[in-house]
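Encoded as structure tokens, the structure appears first; notes follow it.
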Amino acid sequence: MLDAFDRLHRNPFFFRLLVQTMLYDPEHTVDSALQDVRERIAAELGYPKVWLGLTPL
């Protein structure tokens, strides 16, 4: 779990999301929950929209 906390940039809010994700679905492993949390964070911060809005070099 400490490694997951590091991979979430030691952000307590993101770590709380990870723990919540694992509590709501006990079948999650740390890695699968981490992937879900990362996708959720990216969606909430609008990364897909920003990525698609980039122009080619």
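Leu34 and Tyr24 fall into different hydrophobic clusters, where Ile, Leu, Val, Met, Phe, Trp and Tyr side chains are chained together by heavy-atom contacts under 4.5 Å. A single hydrophobic cluster is seen to contain both Leu23 and Leu17, as judged by linkage of ILVMFWY side chains at heavy-atom distances under 4.5 Å, directly or through other members.
Qualifying side chain to side chain donor-acceptor pair (under 3.5 Å) partners for Glu27, counting only residues two or more places apart in sequence or in other chains: none.
What you find for Ala42 and Pro48 is that their closest heavy atoms are O-CD, 3.5 Å. The two residues Met22 and Ala33 make their nearest non-hydrogen contact at CG-CB, 3.4 Å.
The OG1 atom of Thr21 sits 10.0 Å away from the CZ atom of Arg16 when rounded to the nearest 0.5 Å. To the nearest 0.5 Å, the span separating CG on Asp36 from CZ on Arg40 amounts to 10.0 Å.
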Between side-chain atoms of residues 2-15 and protein atoms elsewhere (two or more places apart, or another chain), which donor-acceptor pairs fall under 3.5 Å?
from  : atom 1 : to    : atom 2 : distance (Å)
Asp3  : OD2    : Arg7  : NH1    : 3.3
Asp6  : OD1    : Arg10 : NE     : 2.9
Asp6  : OD1    : Arg10 : NH2    : 2.9
Arg7  : NH1    : Asp31 : OD1    : 3.4
Asn11 : OD1    : Phe13 : N      : 2.8
Asn11 : OD1    : Phe14 : N      : 3.1

